[in-house]
Each structure stands twice: as C-alpha cells, then as structure tokens.
There are 2 protein chains.
Amino acid sequence: MSRPCPQHQHPHRLIQQPLSDLTDKLRQGELKITAPRQAILDVLRKHSSPLTIKEIHTSLGKLDCDLATIYRNMHTLERMGLVRRYDFGDGAARFELSPEDGEGHHHHLVCTRCARIVELDDCFLNDFQDQLARRHGYTQISHRMEFFGLCPNCQAP
Amino acid sequence: MSRPCPQHQHPHRLIQQPLSDLTDKLRQGELKITAPRQAILDVLRKHSSPLTIKEIHTSLGKLDCDLATIYRNMHTLERMGLVRRYDFGDGAARFELSPEDGEGHHHHLVCTRCARIVELDDCFLNDFQDQLARRHGYTQISHRMEFFGLCPNCQAP
DNA sequence: CTTGAGAATGCAAGCGGTTTGCAATCTTCC
DNA sequence: GGAAGATTGCAAACCGCTTGCATTCTCAAG
C-alpha cells in the first residue's frame, strides 16, 4: 500500500504480471521479492494442475535456479498460504496456486499411467471431518484424499 | 490343498499360528514359505494398526533379517493381496494385514504428534468413486483418504 | 544515491526411505 | 539326495528432500 511502484529494476527481472496482490502478500509476510520467487509463481500461474518441484524447475527454463531454492520457496509460499501442497503418493510433492479466496481446497482424480489430472469440485468432506473429530476428541483436523485410475486415453493397450 | 502339513521344519521356525490359509495363499502364488516371510506375517498379526518397515524390523527381534528382505516381501505380499499398504504422508509406508474376505478397506485418523491411530469403519466412498469414474471415463479406479489431527492425549501443551 | 542488516541463493554434503545387482543360501519338487 | 529356481544378505546406489555455510541480493533508512 505504501510503495508506489516496484518496477525500477534490472532489465532481466520479470515484470509482465500485475504484481499488486502478490507483492502485497509477500510484503505482509516480510518476504523479499526475488527473481526466483516471482518466476516460480509465474510458472504456477501458467499451469492449472499441481506441479512437482522438478516440473517447476524445468518450467523455469532460462531462470534456472537451484533446486534447494525451489524447495525452500515452496515451504515459504505454502506457509504464507500462496500455494497449496498435494501428495499423490508417488513420492514427489506437488504444488498449485491457492485460489483467490485463500480458503477451500479440492481433490484430484489422477491417471496412474500418464498422470493426467481431473480437478474435482470443492471438498465435500468438511462436515464428516468435523463429526469425526468430535466423536474421537481430535482437534486441528484435516484430511487428504485423492482418486486414481486409468484415464480414457490410457485405457487402450 | 494338496499339501497335508507344512510343519516339518527347523526348530526355530515359528509354528504357532494355524498356517493353513496363509500357506495356501502363498503356494497359489508360487511363493516359498521362508522364515522371514512367516515372521513378518506373525508381526502383522499381532498388531492392529499399520506398521512401518522399521517397526516391523524391530518387532522381528531375534529373527533379524535384512531391511531389503522386508521391503521385497512387503511388495510381494501386497501384490498377492495378503497385506495392504497405507501412506500417512510422513514418508514411510505402513502395512496392515488384509482382512479375511480380502475385499473392503478402511481409513485412518492419525495423530500428527504421537501417531496414534483410530481405525475408521468401512469405506463409504465406493459409490462416489464409481460415479466419478463413470463421469470422467476412468477405469480401474481407487482412492486414498486419511484424516489427521491432534489426539486427546496430545492436546495439552 | 549510498549503505548496511538481514533475507535469500547456490553449492555441496547429508539424510531417510527405498531399490537393485550379485553371489550365496534356502525351499521345493523330482 | 540333487537340481532349478526363488529368496536372502550385503553393499552400493537412488530419489526426494533438507541443511550448513559463504556469497549475493533486497529494501528501507539515512
């Protein structure tokens, strides 16, 4: 809010996207706006389904930053609620941009052969989850749910 | 069916359990009945919640076989439907004996602090899952779902 | 514009769970 | 008892991920 325009920077900086919201969010969390950070978010913005760290890394292309940097940034961005982490059980975490409202998550139907992903509607498990927590005395309840199958394209032998 | 009694073995072999079903199953799959194999199944029989490879290994106690052997056996036993694999998202696979009928699975409510596990009733997702498969043209559909929270014992600071 | 404190990055090493190649051993069938 | 083939132990390797440390970068204050 207090800073008029962040675009006085080096020529190779990515300046295409309207950074307003992002920037605000980043600054709220005392995070610095760095090239890798912006590039990662750009990559996620361009893809609709969750990406692995490796996929993000190759999508970065020219701005080829260290894997450790991506790992660290994904933690940071997740902690700030900017991205959401998913686990499809294949050993590699996947990340997706959080929706605008920040709340609400959804689940996925993942092809076990080609990894094609169908994003499902909003989660319908919240009531059940709350009941469950109450019944067993658990707090801070959450869940993970993913569906797996062979997508139409992969069914032909 | 054709083999009367498999109990003519070495003294340190575990022979307490009625091995009939197991043995039959093992033989159907052309598997050999080995000491590690039996011991692993014994360990699983004695525990109600899913165990990690490391937990299985330490539970084996005296019969201290190689970790690689356990890993290989878990794959084999899973492929044969004798055990079921669960993934609680902490990086270590967990295994449970399959129920008698071989079909039907359940889900878990896992404490994120002490790993205490509540086993939930039979899965209620099968209808939904089938609908989903039909709607999107997927086959061989399956799913994973686990709940996480702080158990009553772990809530006090 | 300069500057400096602290944040972020790159690099390399390390870690935990898991897999694999290979030679030695064990199970089962004849 | 013996042979074929499955299974095991061992060691090395793999994979995703994390971490320590020195260097570089960001940003706000002067």
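All of these numbers come straight from a predicted model, not from anything done at the bench.
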* Asked: To the nearest angstrom, how far is Arg94(B) atom CZ from dG17(C) atom P?
  -> 10 Å
* Looking only at non-hydrogen atoms, find the nearest pair between Ile53(B) and Tyr71(B) and report the distance. => CG1-CE2, 3.6 Å
* Asked: What is the distance from CZ of Arg72(A) to P of dT19(D), rounded to the nearest Å?
  -> 10 Å
* Asked: Roughly, in whole Å, what's the span from NZ in Lys32(B) to P in dC29(C)?
  -> 9 Å
* Structure fact -> Asp64(A) CG to dG10(C) P, in whole Å, measures 8 Å
* **For atom CG of Asp87(A) and atom C1' of dG17(C), their distance in whole Å** => 14 Å
* Under-4.0 Å side-chain N/O to phosphate OP1/OP2 contact, Thr52(B) with dG17(C) -> no
* Asked: Touch check for Ala92(A), heavy atoms < 4.0 angstrom, all strands: base, sugar-phosphate only, or nothing?
  -> sugar-phosphate
* To do: Find the distance Tyr71(B):OH to dT18(C):C1' and express it as a whole number of Å.
  => 5 Å
* Under 3.5 Å, is there a donor-acceptor pair between the His57(B) and Asp64(B) side chains? -> yes
* Among dA8(C), dG9(D), dT27(C), which is the nearest nucleotide to the side chain of Leu31(A)? -> dA8(C)
* To do: Indicate the atoms forming the closest heavy-atom contact of Asp87(B) with Gly89(A), along with that distance.
  => OD2-CA, 3.8 Å
* Asked: At under 4.0 Å between heavy atoms, what does Leu67(A) touch on the DNA or RNA strands: base, sugar-phosphate, or nothing?
  -> nothing
* Asked: Using a cut-off of 4.0 Å on non-hydrogen atoms, how would the nucleic acid contact of His75(B) be classed: base, sugar-phosphate, or nothing?
  -> sugar-phosphate
* Length of the NE2-P vector between His57(B) and dT8(D), whole Å -> 13 Å
* To do: Measure the distance from CG on Asp66(A) to C1' on dC11(C) and round it to the nearest whole Å.
  => 7 Å
